[in-house]
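Following: one structure in structure tokens, then a few remarks.
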2 protein chains.
Amino acid sequence: MSSSRRITLKELAQHLGVSTASVSNAFNRPDQLSHDLRERILAEARRLGYRGPDAKARSLRTGRSQIVAVLLAESLTYSLNDAVASELLSGIAEVLDAHGHTLLLLSGRQANDRMPGSASIADGFIVYGLMPSPSLLDDLPSQHPQVAVDFDISGQASVHVDNEPAAHAIACHALRTPPHRAGIINLRLTEQACNGRIGPGQTLLSASRTITRARLDGFYRAFDEHGLDAAAVPMWNVEENTHEVCTPVIEGILDLPDEERPDLLLCMSDRIALTVLTLAERRGLRIPEDLRITGFDGIAEGQYRSPRLTTVRQDSVEKGRIAARMVLGLEPATPRLLTTELLIGETCP
Amino acid sequence: MSSSRRITLKELAQHLGVSTASVSNAFNRPDQLSHDLRERILAEARRLGYRGPDAKARSLRTGRSQIVAVLLAESLTYSLNDAVASELLSGIAEVLDAHGHTLLLLSGRQANDRMPGSASIADGFIVYGLMPSPSLLDDLPSQHPQVAVDFDISGQASVHVDNEPAAHAIACHALRTPPHRAGIINLRLTEQACNGRIGPGQTLLSASRTITRARLDGFYRAFDEHGLDAAAVPMWNVEENTHEVCTPVIEGILDLPDEERPDLLLCMSDRIALTVLTLAERRGLRIPEDLRITGFDGIAEGQYRSPRLTTVRQDSVEKGRIAARMVLGLEPATPRLLTTELLIGETCP
DNA sequence: GGTCGCCTCTGAATCGATTTAGTTAGGGGC
DNA sequence: GCCCCTAACTAAATCGATTCAGAGGCGACC
């Protein structure tokens, strides 16, 4: 019954005494053969346990695999546990699913520095974030569509979020109530890796190297407009958007003597803001009386809790949907810029 | 320079005046040809923009694709936003990455009821959770390894968590302080879909149909051992492990008059427990004085917050690692049962 | 000097499908 | 009865690689 090797289309054709073309058509183009023959073929296929054309052979012959690869700048382990990346993937998966495609996950931080060979199996690529090594993109088969998310690949389609105005908006909201001492916690903003206070000597990355630079520009514009000296606002930096990495930096901030501790912290991500919130609560600080906190991203974790995080929401799911539609050719592959929405929670009313 | 079509291995061989075998060996088996020839081939490949053997053709010929598929019982959209599933994927990705494999995401809840044809491209399958339609598993190429996670496929390897003892342990912890009124919030436990109170008429699913049944058995054993009448404990049920679905059910519980509202809620998942926590806090209930809450899973969101959730941790990342190692043949493909760890937080000290 | 073995390299079969061009049979129109 | 058209089916080329069996050359050993 179940032989060790799977039966092939050719063998099935021989069993039936028909050509391989007819069997192929029975599965792919029902209008190309008579109803009776088709039924006969499908019945025999079921009987012999033939599960349909082999994907490897089919993809070689047709040149298409029905697979779209998502190439993530961060490691898969990190990305899968990051709410923003998960939402993006979720939006991508939704559209791919609806159009009979599947999702292959690739990371720019593999064990070795090269793209795995299996990458070239995909029909198209969605690239999320700036790769650690730009040469990785050279390995992608150039004749397949590529869509960049949250950064740019020259000459390719892209989906972006309007970071500067979003950051400006939330900072304006926060600065309506003048803080005694504001502070900013950045994410991967410095040229040299830095987990802690950003000193005057450190150079910052440009907006083409990190999206948080655009957010900082928005913050600065808001400070300026409120007559505050942005350059005097203390800044910290974290290299990774995780509890583990953020915790020591934030503890350093919260453990400052009362007269130095900020009473307003603008954070570059919800993950950072939530970590601030947790650690502040554990120290018995009153939120928002003793400390006001803002985030960025609008992840679910910040909203389905009490107090709710004040933040600005980017629709990462929609970002994924658009990228997926572009890569499938369902939508013109042009640069798209998404807007954001201010969410006023209880951490900074 | 860059023609529209990619150059093939055969064309590269012709350019160089060598056989295709040598070019193939240059990329795959460096010991099979002289150093000089190999360098000459690689140099010419670079010059002509040849990016290495095509994955489609290679996988057809070798029979292996270096791709492992993860088949998820839930939709991808749900799974990617579920912390437990994400941790599992994360563990899988970690091992696959380290061994040069990539990850293909498939869902048992596709648009149509059949497995996408591209599934047969994978070298092996990790199946997570009970499929909505069991026939989906028949579509999987049977000669490739399959590993079941959190359920069983007859005759296949599996990775399980020891649910009953885990649930027993946390219930025992909670019952050390006798509650006035305990309650249990279940997850997809009833035969008929039900979001709300479980009445006496409803039949429960067996442990082979849902993992939460084993957890309930553990709870019941603990009640028995503490001389409490488990059958008298009110139970609720939710059909999906999300804020949206849980919220109305939990509001119904918390809005009960004081003398009926439970002061101990045992929840089948951390997601449920965290939703209880949020809604209780918004109502001004004191945790744990007015209401003690326990979860199940040990997701990060429950621990990196204040108050910390009392729960029992299953190591989903490790579960993923083991499944991946089994599917790659790095570990014997035998049934594995993982133990859990009681985490005592502030929601039920 | 002959033989053996090793190192390089090549020719050709093969993986399992899809698809083009073409053949056959049958029916309708005149 | 003839011609043309369509429907149904087939033969064979092809997609782009891998790999087995074998050929040729060279040095070493007896």
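Throughout, protein chains are lettered first and strands after them, A, B, ... in sequence-line order, and every chain is numbered starting at 1.
Among the atoms of the strands shown, only primed sugar atoms or phosphate atoms (P, OP1, OP2) are found under 4.0 Å from some heavy atom of V18(B).
Nearest-nucleotide positions on DNA chain C place D31(B) closer to the 5' end than the other of D31(B) and P53(A). Take the nearest nucleotide of DNA chain C for D54(A) and for N25(B): the residue whose nucleotide is more 5' is N25(B).
Under the 3.5 Å distance criterion, with hydrogens and angles disregarded, no donor-acceptor pair is assigned to the side chains of N25(B) and R38(B). At a cut-off of 3.5 Å, with distance as the only test, no side-chain donor of T77(B) or S75(B) sits close to an acceptor on the other residue. No side-chain donor from either of S86(B) and N81(A) sits under 3.5 Å from a side-chain acceptor of the other. Side chains of S206(A) and S208(A): a donor-acceptor N/O pair is present below 3.5 angstrom, by distance only.
Straight-line distance from the CD1 atom of I41(B) to the P atom of dT18(D): 12 Å, rounded to whole Å. In this structure, K10(A) places its NZ atom 12 Å from C1' of dA11(D), rounding to the nearest Å. Atoms CZ (R29(A)) and P (dA17(C)) sit 16 Å apart, rounded to a whole Å. In this structure, R6(B) atom CZ and dC15(D) atom C1' are separated by 13 Å, rounded to whole Å. To the nearest angstrom, C1' of dT14(D) lies 16 Å from CZ of R61(B). Per the geometry, CG belonging to L12(A) stands 12 Å off P belonging to dT18(C), to the nearest Å. To the nearest angstrom, P of dT6(D) lies 14 Å from CD of Q32(A). Protein atom CZ of F27(A) is 16 Å distant from nucleotide atom P of dC9(D), rounded to whole Å.
With dT10(C), dT19(C), dG16(D) as the choices, the nucleotide that has an atom nearest any side-chain atom of T8(B) turns out to be dG16(D). Nearest nucleotide to the side chain of T20(B), out of dA17(D), dA8(D), dT19(D): dT19(D). The side chain of L60(A) approaches dG16(C) more closely than any other nucleotide in the set dT14(C), dC9(D), dG16(C). Checking dA17(D), dA12(C), dT18(C) against every side-chain atom of R58(B), the shortest atom distance belongs to dA17(D). For A57(A), taking side-chain heavy atoms from C-beta onward, the closest of the listed nucleotides dA17(D), dA17(C), dT10(D) is dA17(C). In this structure, the nucleotide among dT10(C), dT19(D), dT10(D) sitting nearest to the side chain of S19(B) is dT10(C).
Look at S22(B) and you won't find any side-chain N or O under 4.0 angstrom from OP1 or OP2 of dC9(C). Residue S34(B) has no polar side-chain atom (N or O) positioned under 4.0 Å from OP1 or OP2 of dC7(C). Distances shorter than 4.0 Å separate none of the side-chain N or O atoms of Y50(B) from OP1 or OP2 on dG16(D). At dT18(C), none of the side-chain N or O atoms of T62(A) fall inside 4.0 Å of OP1 or OP2 (strictly under the cut-off). Applying the 4.0 Å criterion to OP1 and OP2 of dT18(D), one finds that N28(B) has a side-chain N or O inside that range.
Ion pair D97(B)/R109(A) not flagged as a salt bridge, since none of the NZ, NE, NH1 or NH2 atoms sits closer than 4.0 Å to an Asp/Glu carboxylate oxygen. Under the 4.0 Å criterion applied to side-chain N and carboxylate O atoms, E331(A) and R336(A) are assigned as salt-bridge partners.
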